[in-house]
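Given the structure is predicted, the values throughout are model-derived calculations rather than measurements. Residue numbers count from 1 along this sequence. All values below come from the heavy atoms of this structure, side chains included, with hydrogens, waters and symmetry mates left out.
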Amino acid sequence: MEKVIIYQIFTRLFGNRNLSRNEYGTIAENGCGKLADFTPEVLKDIKKMGVSHVWYTGVIRHATQTDYTAYGIPRQHPAIVKGRAGSPYAITDYYDVDPDLAVDVNHRMDEFEQLVARTHEAGLKVIIDFVPNHVARQYHSVCKPKKVKDLGEMDNQEHGFDPQNNFYYCPGERFAPYFDLSQGASEPYFEEPAKATGNDHFDNAPGMNDWYETVKLNYGVDYYAGCIGYFDPIPDTWKKMTDILLFWAKKGIDGFRCDMAEMVPAEFWQYATTIVKKKYKKIVFVGEVYNPNEYRHYLASGFDWLYDKVGMYDTMRNVICHHASSHAISQAWQQTDDIRDHMLYFLENHDEQRVASDFFAADGSKGVPGMLASVLMQQNPFMLYAGEEYGERGMDSEGFSGRDGRTTIFDYWSVDTLCRAANGQLTDEEKALYDIHVKTMQIARQEKTISDGAFFDLMYVNDDLQRQYAFLRYTQGELLLVAVNFDDADVTIDVHIPAHAFDYLQLKEKKAIAVDLLTKEKLAVNMKKDGAVRMEINARSGRVWKVKI
(Lines give C-alpha, C1' and ligand atoms only; values in the text may rest on other atoms or scores of the structure.)
Protein backbone atom coordinates (compact mmCIF):
# COMPACT_ATOMS: atom_id res chain seq x y z
CA MET A 1 0.00 0.00 0.00
CA GLU A 2 1.21 3.52 -0.74
CA LYS A 3 0.23 6.88 0.65
CA VAL A 4 -1.58 8.77 -2.09
CA ILE A 5 -0.63 12.44 -2.48
CA ILE A 6 -2.62 14.24 -5.18
CA TYR A 7 -1.21 17.47 -6.58
CA GLN A 8 -4.01 19.53 -8.09
CA ILE A 9 -2.81 21.74 -10.93
CA PHE A 10 -5.01 24.31 -12.62
CA THR A 11 -3.48 23.52 -15.99
CA ARG A 12 -4.21 26.85 -17.68
CA LEU A 13 -2.35 28.78 -14.96
CA PHE A 14 0.50 26.53 -13.85
CA GLY A 15 3.06 27.16 -16.59
CA ASN A 16 2.04 30.71 -17.50
CA ARG A 17 4.96 33.09 -16.85
CA ASN A 18 3.31 36.19 -18.39
CA LEU A 19 3.32 38.88 -15.71
CA SER A 20 0.93 41.33 -17.41
CA ARG A 21 -2.00 40.33 -15.19
CA ASN A 22 -4.48 42.75 -16.71
CA GLU A 23 -7.89 42.55 -15.07
CA TYR A 24 -10.27 40.84 -17.52
CA GLY A 25 -7.25 40.40 -19.82
CA THR A 26 -7.44 38.37 -23.01
CA ILE A 27 -5.27 35.35 -23.72
CA ALA A 28 -3.11 37.58 -25.93
CA GLU A 29 -2.61 40.05 -23.07
CA ASN A 30 -2.21 37.72 -20.10
CA GLY A 31 -0.96 34.54 -21.68
CA CYS A 32 -1.90 30.95 -20.88
CA GLY A 33 -0.11 27.87 -19.64
CA LYS A 34 0.23 24.90 -21.97
CA LEU A 35 0.32 21.12 -21.68
CA ALA A 36 3.83 21.34 -23.08
CA ASP A 37 4.95 23.30 -20.00
CA PHE A 38 4.97 20.01 -18.11
CA THR A 39 8.40 18.98 -19.29
CA PRO A 40 10.14 15.87 -17.97
CA GLU A 41 12.14 18.17 -15.65
CA VAL A 42 9.02 19.83 -14.25
CA LEU A 43 7.34 16.48 -13.68
CA LYS A 44 10.49 15.11 -12.06
CA ASP A 45 10.43 17.99 -9.58
CA ILE A 46 6.77 17.32 -8.80
CA LYS A 47 7.56 13.65 -8.21
CA LYS A 48 10.42 14.60 -5.84
CA MET A 49 7.96 16.51 -3.67
CA GLY A 50 6.39 13.20 -2.70
CA VAL A 51 3.45 13.43 -5.10
CA SER A 52 1.88 10.24 -6.48
CA HIS A 53 -0.97 11.62 -8.63
CA VAL A 54 -1.34 14.82 -10.67
CA TRP A 55 -4.86 16.15 -11.16
CA TYR A 56 -4.75 18.21 -14.34
CA THR A 57 -7.73 20.48 -13.81
CA GLY A 58 -9.58 21.89 -16.82
CA VAL A 59 -8.40 19.62 -19.65
CA ILE A 60 -11.69 18.97 -21.45
CA ARG A 61 -12.89 21.74 -23.78
CA HIS A 62 -15.15 24.24 -22.10
CA ALA A 63 -16.92 27.51 -22.88
CA THR A 64 -14.61 30.46 -23.50
CA GLN A 65 -14.79 33.95 -24.98
CA THR A 66 -11.63 33.28 -27.02
CA ASP A 67 -12.39 32.76 -30.70
CA TYR A 68 -11.23 29.40 -32.10
CA THR A 69 -13.60 29.27 -35.09
CA ALA A 70 -10.57 29.18 -37.42
CA TYR A 71 -9.98 25.66 -36.07
CA GLY A 72 -13.56 24.51 -36.55
CA ILE A 73 -14.50 25.09 -32.92
CA PRO A 74 -17.89 26.77 -32.43
CA ARG A 75 -17.80 30.17 -30.75
CA GLN A 76 -19.65 30.67 -27.46
CA HIS A 77 -21.92 33.64 -26.82
CA PRO A 78 -20.22 35.93 -24.24
CA ALA A 79 -23.44 36.36 -22.23
CA ILE A 80 -23.24 32.74 -21.08
CA VAL A 81 -19.49 32.51 -20.41
CA LYS A 82 -18.11 33.42 -17.00
CA GLY A 83 -14.86 35.33 -17.48
CA ARG A 84 -12.70 35.71 -20.57
CA ALA A 85 -11.27 32.22 -20.24
CA GLY A 86 -14.48 30.60 -19.03
CA SER A 87 -15.22 28.01 -16.38
CA PRO A 88 -13.65 24.58 -16.89
CA TYR A 89 -16.90 23.18 -15.50
CA ALA A 90 -18.99 24.46 -18.40
CA ILE A 91 -18.04 21.73 -20.87
CA THR A 92 -18.71 22.35 -24.58
CA ASP A 93 -17.36 19.09 -25.96
CA TYR A 94 -16.70 16.01 -23.81
CA TYR A 95 -14.55 14.51 -26.57
CA ASP A 96 -12.16 17.43 -26.98
CA VAL A 97 -9.20 19.09 -25.26
CA ASP A 98 -9.21 22.77 -24.26
CA PRO A 99 -7.50 24.58 -27.19
CA ASP A 100 -6.05 27.16 -24.78
CA LEU A 101 -3.71 24.44 -23.54
CA ALA A 102 -2.26 23.50 -26.91
CA VAL A 103 0.82 24.81 -28.67
CA ASP A 104 -0.71 23.56 -31.93
CA VAL A 105 -4.49 23.70 -31.64
CA ASN A 106 -4.96 21.24 -34.50
CA HIS A 107 -2.99 18.64 -32.53
CA ARG A 108 -4.39 19.35 -29.06
CA MET A 109 -5.44 15.74 -28.40
CA ASP A 110 -2.00 14.52 -29.43
CA GLU A 111 -0.45 16.99 -26.99
CA PHE A 112 -2.65 15.66 -24.20
CA GLU A 113 -1.73 12.06 -24.97
CA GLN A 114 1.94 13.05 -24.93
CA LEU A 115 1.42 14.69 -21.52
CA VAL A 116 -0.09 11.47 -20.16
CA ALA A 117 2.94 9.54 -21.44
CA ARG A 118 5.43 12.05 -19.94
CA THR A 119 3.61 12.01 -16.60
CA HIS A 120 3.75 8.23 -16.46
CA GLU A 121 7.42 8.23 -17.44
CA ALA A 122 8.04 10.50 -14.44
CA GLY A 123 6.46 7.87 -12.17
CA LEU A 124 3.25 9.84 -11.62
CA LYS A 125 -0.39 8.96 -12.24
CA VAL A 126 -2.90 11.14 -14.09
CA ILE A 127 -6.31 12.33 -12.88
CA ILE A 128 -8.61 14.53 -14.97
CA ASP A 129 -12.00 16.08 -14.36
CA PHE A 130 -15.24 14.40 -15.32
CA VAL A 131 -18.13 16.86 -15.15
CA PRO A 132 -21.28 14.73 -15.13
CA ASN A 133 -24.01 17.00 -13.77
CA HIS A 134 -24.09 19.84 -16.30
CA VAL A 135 -22.68 21.18 -19.55
CA ALA A 136 -22.30 24.60 -21.16
CA ARG A 137 -25.52 26.09 -22.52
CA GLN A 138 -24.19 25.89 -26.08
CA TYR A 139 -22.79 22.39 -25.78
CA HIS A 140 -22.03 20.92 -29.18
CA SER A 141 -19.48 18.21 -29.81
CA VAL A 142 -17.47 18.49 -33.01
CA CYS A 143 -14.99 15.80 -31.96
CA LYS A 144 -17.33 12.97 -31.00
CA PRO A 145 -16.74 9.60 -32.64
CA LYS A 146 -18.76 8.70 -35.70
CA LYS A 147 -22.23 7.31 -34.98
CA VAL A 148 -22.31 9.00 -31.56
CA LYS A 149 -25.42 11.14 -31.14
CA ASP A 150 -24.80 14.52 -29.52
CA LEU A 151 -26.31 15.38 -26.15
CA GLY A 152 -29.84 16.65 -26.72
CA GLU A 153 -29.81 15.73 -30.40
CA MET A 154 -32.68 13.25 -30.04
CA ASP A 155 -34.54 14.99 -27.18
CA ASN A 156 -38.27 15.62 -27.30
CA GLN A 157 -38.24 19.30 -26.31
CA GLU A 158 -42.00 19.38 -25.85
CA HIS A 159 -41.56 17.44 -22.61
CA GLY A 160 -40.17 19.17 -19.54
CA PHE A 161 -39.01 15.74 -18.42
CA ASP A 162 -38.61 12.55 -20.34
CA PRO A 163 -36.46 9.67 -18.99
CA GLN A 164 -34.72 9.35 -22.36
CA ASN A 165 -34.05 13.08 -22.84
CA ASN A 166 -30.55 14.35 -22.08
CA PHE A 167 -31.79 17.73 -20.79
CA TYR A 168 -34.70 19.22 -18.85
CA TYR A 169 -36.86 21.81 -20.61
CA CYS A 170 -39.32 24.62 -19.96
CA PRO A 171 -41.62 24.06 -22.96
CA GLY A 172 -42.90 27.24 -24.59
CA GLU A 173 -40.62 29.48 -22.50
CA ARG A 174 -37.59 31.42 -23.65
CA PHE A 175 -34.41 31.58 -21.56
CA ALA A 176 -34.83 34.85 -19.66
CA PRO A 177 -32.33 35.30 -16.82
CA TYR A 178 -32.11 38.50 -14.78
CA PHE A 179 -29.21 40.02 -16.71
CA ASP A 180 -28.30 41.38 -20.13
CA LEU A 181 -28.17 38.64 -22.77
CA SER A 182 -26.09 40.71 -25.18
CA GLN A 183 -22.84 41.37 -23.27
CA GLY A 184 -21.42 43.34 -26.18
CA ALA A 185 -22.40 40.82 -28.88
CA SER A 186 -24.26 41.95 -32.00
CA GLU A 187 -27.20 39.70 -31.13
CA PRO A 188 -28.48 38.63 -27.68
CA TYR A 189 -28.21 34.99 -26.69
CA PHE A 190 -31.34 33.06 -27.63
CA GLU A 191 -32.59 29.76 -26.22
CA GLU A 192 -36.11 28.40 -26.60
CA PRO A 193 -37.36 26.32 -25.02
CA ALA A 194 -35.19 27.19 -22.05
CA LYS A 195 -33.21 24.37 -20.49
CA ALA A 196 -32.96 23.83 -16.73
CA THR A 197 -29.82 25.32 -15.15
CA GLY A 198 -27.00 23.18 -13.74
CA ASN A 199 -27.55 23.93 -10.04
CA ASP A 200 -31.01 22.33 -10.13
CA HIS A 201 -32.78 25.53 -11.17
CA PHE A 202 -35.76 24.20 -13.12
CA ASP A 203 -37.27 27.33 -14.59
CA ASN A 204 -36.28 29.71 -17.38
CA ALA A 205 -34.94 32.56 -15.24
CA PRO A 206 -31.77 31.77 -13.27
CA GLY A 207 -30.12 34.58 -11.34
CA MET A 208 -26.59 35.93 -11.38
CA ASN A 209 -25.64 33.66 -8.48
CA ASP A 210 -26.87 30.54 -10.23
CA TRP A 211 -24.80 28.42 -12.58
CA TYR A 212 -26.57 30.23 -15.41
CA GLU A 213 -23.86 29.33 -17.94
CA THR A 214 -24.72 25.62 -17.61
CA VAL A 215 -27.61 23.25 -18.25
CA LYS A 216 -28.56 20.29 -16.10
CA LEU A 217 -28.14 16.79 -17.50
CA ASN A 218 -31.03 14.37 -17.14
CA TYR A 219 -30.19 11.00 -15.60
CA GLY A 220 -33.81 9.84 -15.43
CA VAL A 221 -34.82 11.72 -12.28
CA ASP A 222 -38.09 13.65 -12.55
CA TYR A 223 -37.44 16.73 -10.41
CA TYR A 224 -40.76 18.22 -11.52
CA ALA A 225 -42.62 15.38 -9.80
CA GLY A 226 -40.66 15.06 -6.55
CA CYS A 227 -37.40 13.42 -7.68
CA ILE A 228 -38.86 10.15 -8.89
CA GLY A 229 -36.26 8.01 -10.64
CA TYR A 230 -36.95 6.21 -13.94
CA PHE A 231 -33.98 3.91 -14.43
CA ASP A 232 -35.50 1.01 -16.37
CA PRO A 233 -34.92 1.07 -19.27
CA ILE A 234 -31.45 2.58 -18.82
CA PRO A 235 -31.65 6.34 -19.51
CA ASP A 236 -29.87 7.49 -22.66
CA THR A 237 -27.71 9.91 -20.65
CA TRP A 238 -26.27 7.00 -18.63
CA LYS A 239 -25.04 5.34 -21.81
CA LYS A 240 -23.63 8.53 -23.33
CA MET A 241 -21.75 9.54 -20.19
CA THR A 242 -20.34 6.04 -19.64
CA ASP A 243 -19.05 6.08 -23.20
CA ILE A 244 -17.31 9.38 -22.45
CA LEU A 245 -15.63 7.87 -19.38
CA LEU A 246 -14.44 4.94 -21.49
CA PHE A 247 -13.12 7.33 -24.16
CA TRP A 248 -10.83 9.08 -21.66
CA ALA A 249 -9.91 5.90 -19.81
CA LYS A 250 -8.62 4.55 -23.12
CA LYS A 251 -6.18 7.49 -23.24
CA GLY A 252 -4.33 5.86 -20.35
CA ILE A 253 -5.40 8.12 -17.51
CA ASP A 254 -5.49 6.69 -14.00
CA GLY A 255 -8.50 8.39 -12.48
CA PHE A 256 -11.42 10.80 -12.67
CA ARG A 257 -12.21 13.58 -10.24
CA CYS A 258 -15.99 13.70 -10.58
CA ASP A 259 -17.42 17.18 -10.19
CA MET A 260 -20.51 17.54 -7.98
CA ALA A 261 -20.92 13.78 -7.99
CA GLU A 262 -23.77 13.83 -5.47
CA MET A 263 -25.97 15.82 -7.89
CA VAL A 264 -26.03 12.72 -10.10
CA PRO A 265 -27.94 9.65 -8.85
CA ALA A 266 -25.85 6.96 -7.19
CA GLU A 267 -27.56 4.39 -9.41
CA PHE A 268 -25.78 5.90 -12.43
CA TRP A 269 -22.41 5.70 -10.69
CA GLN A 270 -22.99 2.04 -9.86
CA TYR A 271 -23.75 1.40 -13.53
CA ALA A 272 -20.87 3.45 -14.95
CA THR A 273 -18.08 2.55 -12.53
CA THR A 274 -18.86 -1.16 -12.88
CA ILE A 275 -18.47 -0.94 -16.66
CA VAL A 276 -15.34 1.22 -16.58
CA LYS A 277 -13.57 -0.72 -13.83
CA LYS A 278 -14.30 -4.03 -15.52
CA LYS A 279 -12.19 -2.86 -18.46
CA TYR A 280 -9.72 -0.61 -16.58
CA LYS A 281 -9.28 -2.35 -13.25
CA LYS A 282 -6.89 0.15 -11.62
CA ILE A 283 -8.74 3.35 -12.52
CA VAL A 284 -9.98 5.39 -9.55
CA PHE A 285 -12.99 7.64 -9.06
CA VAL A 286 -12.76 10.67 -6.76
CA GLY A 287 -16.13 12.11 -5.79
CA GLU A 288 -16.99 15.67 -4.85
CA VAL A 289 -19.69 14.77 -2.32
CA TYR A 290 -20.58 17.20 0.45
CA ASN A 291 -23.41 15.44 2.26
CA PRO A 292 -21.98 13.10 4.93
CA ASN A 293 -25.24 11.15 4.97
CA GLU A 294 -24.52 10.12 1.38
CA TYR A 295 -20.85 9.16 1.78
CA ARG A 296 -21.38 5.44 2.23
CA HIS A 297 -24.02 5.36 -0.50
CA TYR A 298 -21.59 6.77 -3.07
CA LEU A 299 -18.69 4.62 -1.91
CA ALA A 300 -20.92 1.59 -2.41
CA SER A 301 -21.60 2.89 -5.93
CA GLY A 302 -17.97 2.63 -7.00
CA PHE A 303 -16.13 5.67 -5.69
CA ASP A 304 -12.67 5.13 -4.26
CA TRP A 305 -12.19 8.46 -2.48
CA LEU A 306 -14.55 11.24 -1.43
CA TYR A 307 -13.90 14.85 -0.47
CA ASP A 308 -13.85 15.26 3.31
CA LYS A 309 -14.97 18.87 3.16
CA VAL A 310 -17.75 19.47 5.67
CA GLY A 311 -15.99 17.26 8.21
CA MET A 312 -12.20 17.44 8.28
CA TYR A 313 -11.63 20.48 6.06
CA ASP A 314 -14.12 22.71 7.87
CA THR A 315 -12.83 21.50 11.23
CA MET A 316 -9.18 22.01 10.37
CA ARG A 317 -9.93 25.49 9.06
CA ASN A 318 -11.62 26.41 12.34
CA VAL A 319 -8.71 25.05 14.38
CA ILE A 320 -6.15 26.88 12.22
CA CYS A 321 -8.06 30.14 12.73
CA HIS A 322 -8.39 29.47 16.48
CA HIS A 323 -12.17 29.25 16.23
CA ALA A 324 -12.19 25.73 17.65
CA SER A 325 -10.11 23.59 20.00
CA SER A 326 -7.76 21.05 18.47
CA HIS A 327 -9.93 18.38 20.13
CA ALA A 328 -12.44 19.03 17.33
CA ILE A 329 -10.08 17.16 14.99
CA SER A 330 -10.70 13.96 16.95
CA GLN A 331 -14.44 14.45 16.59
CA ALA A 332 -14.08 15.03 12.86
CA TRP A 333 -12.20 11.82 12.03
CA GLN A 334 -14.49 9.78 14.28
CA GLN A 335 -17.48 10.70 12.08
CA THR A 336 -15.97 8.76 9.17
CA ASP A 337 -13.84 6.21 11.02
CA ASP A 338 -15.53 3.25 9.33
CA ILE A 339 -14.65 4.67 5.87
CA ARG A 340 -11.46 6.53 6.81
CA ASP A 341 -9.31 5.08 4.01
CA HIS A 342 -11.71 6.58 1.45
CA MET A 343 -11.75 10.17 2.71
CA LEU A 344 -9.65 12.72 0.81
CA TYR A 345 -8.13 15.35 3.11
CA PHE A 346 -7.09 18.79 1.87
CA LEU A 347 -6.64 22.39 2.99
CA GLU A 348 -6.98 24.00 -0.43
CA ASN A 349 -8.47 23.36 -3.85
CA HIS A 350 -9.81 25.53 -6.65
CA ASP A 351 -13.16 25.99 -4.87
CA GLU A 352 -11.76 26.96 -1.48
CA GLN A 353 -9.97 30.08 -0.31
CA ARG A 354 -6.20 30.00 -0.03
CA VAL A 355 -4.90 29.47 3.51
CA ALA A 356 -2.73 32.59 3.12
CA SER A 357 -5.62 34.75 1.88
CA ASP A 358 -7.08 37.48 4.04
CA PHE A 359 -10.32 35.49 4.10
CA PHE A 360 -8.71 32.44 5.75
CA ALA A 361 -5.53 32.70 7.88
CA ALA A 362 -3.69 35.57 6.08
CA ASP A 363 -0.42 33.62 6.41
CA GLY A 364 0.50 30.32 4.79
CA SER A 365 2.59 29.26 7.78
CA LYS A 366 -0.56 29.08 9.90
CA GLY A 367 -1.66 26.13 7.79
CA VAL A 368 1.45 24.05 8.51
CA PRO A 369 0.16 22.19 11.59
CA GLY A 370 -3.08 21.43 9.79
CA MET A 371 -1.13 20.14 6.80
CA LEU A 372 1.10 17.97 8.99
CA ALA A 373 -1.88 16.43 10.76
CA SER A 374 -3.89 15.96 7.55
CA VAL A 375 -1.03 14.20 5.76
CA LEU A 376 0.23 11.99 8.60
CA MET A 377 -2.71 11.03 10.80
CA GLN A 378 -4.36 8.38 8.60
CA GLN A 379 -3.65 6.13 5.62
CA ASN A 380 -6.11 7.98 3.40
CA PRO A 381 -5.11 10.30 0.50
CA PHE A 382 -4.17 13.97 0.82
CA MET A 383 -4.49 16.67 -1.83
CA LEU A 384 -2.24 19.71 -2.27
CA TYR A 385 -3.25 22.62 -4.56
CA ALA A 386 -0.41 24.06 -6.66
CA GLY A 387 0.92 27.19 -4.95
CA GLU A 388 -0.23 26.11 -1.49
CA GLU A 389 3.28 24.86 -0.76
CA TYR A 390 4.61 28.42 -1.20
CA GLY A 391 1.81 30.22 0.64
CA GLU A 392 0.07 31.57 -2.47
CA ARG A 393 -2.37 34.23 -1.26
CA GLY A 394 -5.04 34.24 -3.99
CA MET A 395 -5.71 37.91 -3.34
CA ASP A 396 -5.56 39.14 -6.94
CA SER A 397 -8.53 40.80 -8.63
CA GLU A 398 -8.27 38.86 -11.86
CA GLY A 399 -11.56 39.70 -13.54
CA PHE A 400 -14.77 37.70 -13.25
CA SER A 401 -13.66 35.98 -10.05
CA GLY A 402 -12.86 39.24 -8.24
CA ARG A 403 -10.71 39.45 -5.12
CA ASP A 404 -12.14 36.53 -3.18
CA GLY A 405 -9.11 34.72 -1.74
CA ARG A 406 -9.22 32.07 -4.46
CA THR A 407 -7.04 31.56 -7.49
CA THR A 408 -9.27 32.29 -10.48
CA ILE A 409 -10.74 29.51 -12.60
CA PHE A 410 -12.48 31.96 -14.95
CA ASP A 411 -9.71 34.30 -16.12
CA TYR A 412 -6.40 34.28 -18.00
CA TRP A 413 -3.81 34.86 -15.31
CA SER A 414 -0.46 33.83 -13.88
CA VAL A 415 0.13 32.73 -10.29
CA ASP A 416 2.63 34.91 -8.42
CA THR A 417 4.34 32.26 -6.30
CA LEU A 418 4.52 29.71 -9.13
CA CYS A 419 6.20 32.31 -11.35
CA ARG A 420 8.70 33.33 -8.67
CA ALA A 421 9.42 29.71 -7.75
CA ALA A 422 10.26 28.97 -11.38
CA ASN A 423 12.58 32.00 -11.47
CA GLY A 424 14.30 31.31 -8.14
CA GLN A 425 12.79 34.40 -6.50
CA LEU A 426 11.03 32.96 -3.46
CA THR A 427 11.40 34.68 -0.10
CA ASP A 428 13.06 32.86 2.80
CA GLU A 429 9.64 32.36 4.38
CA GLU A 430 8.27 30.82 1.19
CA LYS A 431 11.28 28.54 0.88
CA ALA A 432 10.79 27.36 4.47
CA LEU A 433 7.10 26.71 3.82
CA TYR A 434 7.92 24.71 0.70
CA ASP A 435 10.58 22.76 2.61
CA ILE A 436 8.24 21.60 5.36
CA HIS A 437 5.53 20.66 2.86
CA VAL A 438 7.99 18.55 0.88
CA LYS A 439 9.52 16.93 3.96
CA THR A 440 6.06 16.02 5.25
CA MET A 441 4.92 14.50 1.95
CA GLN A 442 8.16 12.60 1.56
CA ILE A 443 7.78 11.19 5.09
CA ALA A 444 4.28 10.08 4.19
CA ARG A 445 5.49 8.38 1.03
CA GLN A 446 8.62 6.78 2.50
CA GLU A 447 7.56 5.69 5.99
CA LYS A 448 5.61 2.44 6.16
CA THR A 449 4.32 3.67 9.50
CA ILE A 450 2.25 6.24 7.59
CA SER A 451 1.21 4.14 4.60
CA ASP A 452 0.45 0.96 6.54
CA GLY A 453 0.55 1.74 10.26
CA ALA A 454 -2.16 1.86 12.88
CA PHE A 455 -3.38 5.21 14.20
CA PHE A 456 -3.95 6.11 17.84
CA ASP A 457 -5.37 9.51 18.83
CA LEU A 458 -3.86 10.81 22.10
CA MET A 459 -6.17 13.74 22.69
CA TYR A 460 -8.53 12.01 25.11
CA VAL A 461 -5.74 11.88 27.72
CA ASN A 462 -4.38 15.33 26.89
CA ASP A 463 -7.27 17.62 27.80
CA ASP A 464 -4.92 20.52 28.49
CA LEU A 465 -3.80 20.65 24.86
CA GLN A 466 -6.22 23.08 23.24
CA ARG A 467 -4.02 24.35 20.40
CA GLN A 468 -1.93 21.25 19.91
CA TYR A 469 -2.84 17.88 18.44
CA ALA A 470 -0.99 14.62 19.09
CA PHE A 471 -1.26 11.04 17.86
CA LEU A 472 0.72 7.84 17.34
CA ARG A 473 1.35 5.76 14.23
CA TYR A 474 2.81 2.28 14.57
CA THR A 475 3.88 -0.66 12.46
CA GLN A 476 6.47 -3.46 12.68
CA GLY A 477 8.58 -2.15 15.52
CA GLU A 478 8.53 1.49 14.43
CA LEU A 479 6.56 4.17 16.23
CA LEU A 480 5.87 7.74 15.21
CA LEU A 481 4.80 10.25 17.82
CA VAL A 482 3.38 13.25 15.97
CA ALA A 483 2.51 16.51 17.72
CA VAL A 484 1.57 19.74 15.97
CA ASN A 485 1.22 23.25 17.36
CA PHE A 486 -1.51 25.56 16.02
CA ASP A 487 -0.48 28.32 18.43
CA ASP A 488 1.28 31.47 17.26
CA ALA A 489 3.90 30.99 20.01
CA ASP A 490 6.52 28.34 20.74
CA VAL A 491 5.40 25.85 23.39
CA THR A 492 6.79 23.17 25.69
CA ILE A 493 4.24 20.45 26.28
CA ASP A 494 3.92 17.06 27.93
CA VAL A 495 2.21 14.55 25.66
CA HIS A 496 0.66 11.82 27.79
CA ILE A 497 0.53 8.29 26.42
CA PRO A 498 -2.04 6.00 28.08
CA ALA A 499 -1.56 2.36 28.93
CA HIS A 500 -4.31 1.56 26.44
CA ALA A 501 -2.09 2.78 23.58
CA PHE A 502 0.55 0.20 24.52
CA ASP A 503 -2.09 -2.53 24.67
CA TYR A 504 -3.87 -1.49 21.46
CA LEU A 505 -0.67 -1.14 19.42
CA GLN A 506 1.08 -4.00 21.23
CA LEU A 507 3.99 -1.76 22.22
CA LYS A 508 6.74 -2.63 24.68
CA GLU A 509 7.85 -0.10 27.26
CA LYS A 510 11.30 1.19 26.46
CA LYS A 511 13.77 4.01 26.90
CA ALA A 512 14.91 5.15 23.49
CA ILE A 513 16.31 7.97 21.38
CA ALA A 514 13.67 9.54 19.17
CA VAL A 515 14.61 11.35 15.96
CA ASP A 516 12.49 14.17 14.56
CA LEU A 517 12.05 13.30 10.87
CA LEU A 518 11.51 16.98 10.06
CA THR A 519 14.63 18.41 11.71
CA LYS A 520 16.82 15.35 12.54
CA GLU A 521 16.92 16.52 16.17
CA LYS A 522 17.18 13.80 18.81
CA LEU A 523 15.25 13.40 22.05
CA ALA A 524 15.66 10.90 24.88
CA VAL A 525 12.24 9.42 25.59
CA ASN A 526 10.94 7.02 28.21
CA MET A 527 8.11 5.15 26.55
CA LYS A 528 6.10 3.79 29.44
CA LYS A 529 2.45 3.21 30.17
CA ASP A 530 0.66 6.33 31.42
CA GLY A 531 3.90 8.26 30.99
CA ALA A 532 4.53 11.49 29.13
CA VAL A 533 6.97 12.82 26.55
CA ARG A 534 8.05 16.41 27.05
CA MET A 535 8.89 18.32 23.90
CA GLU A 536 9.34 21.79 22.50
CA ILE A 537 7.40 22.74 19.40
CA ASN A 538 7.85 25.94 17.46
CA ALA A 539 4.89 28.14 16.66
CA ARG A 540 2.81 26.88 13.71
CA SER A 541 4.89 23.77 13.36
CA GLY A 542 5.14 20.20 14.52
CA ARG A 543 7.27 17.26 15.56
CA VAL A 544 7.44 13.83 13.95
CA TRP A 545 9.39 11.71 16.42
CA LYS A 546 10.46 8.30 15.17
CA VAL A 547 11.16 5.68 17.83
CA LYS A 548 12.38 2.11 17.38
CA ILE A 549 10.24 -0.07 19.63
Nearest heavy-atom neighbours spanning S414 and C419: CB-SG, 3.9 Å
Test: E398 and R21 ion pair at under 4.0 Å: no
Presence of salt bridge, R17 and D37, under 4.0 angstrom: no
Cationic N near anionic O, under 4.0 Å, R317 to E352: no
Side-chain (K439) to main-chain (L518) donor-acceptor, under 3.5 angstrom: yes
R354 bridged to E348 by N-O distance under 4.0 Å: yes
L115 versus L35, closest heavy-atom pair with distance: CD2-CD2, 3.6 Å
Pair H500 + F456: ring centers closer than 6.0 Å: yes
Sub-6.0 Å ring centroid separation between Y24 and F400: no
Sidechain N-carboxylate O distance under 4.0 Å for R445, E2: yes
Close side-chain approach of H134 and K216, heavy atoms under 4.5 Å: no
Near-ring test F303/H297, centroid separation under 6.0 angstrom: no
Validation row, ring centre F10 to ring centre Y56 under 6.0 Å: no
Residue among D490, D488, D487 satisfying salt bridge (charged side-chain N to carboxylate O under 4.0 Å, His left out) with R540: D488
Any E288 side-chain heavy atom under 4.5 Å of Y290 side chain: yes
Ring centroid separation F285 to F256 under 6.0 Å: yes
Aromatic centroids of F471 and F455 separated by under 6.0 Å: yes
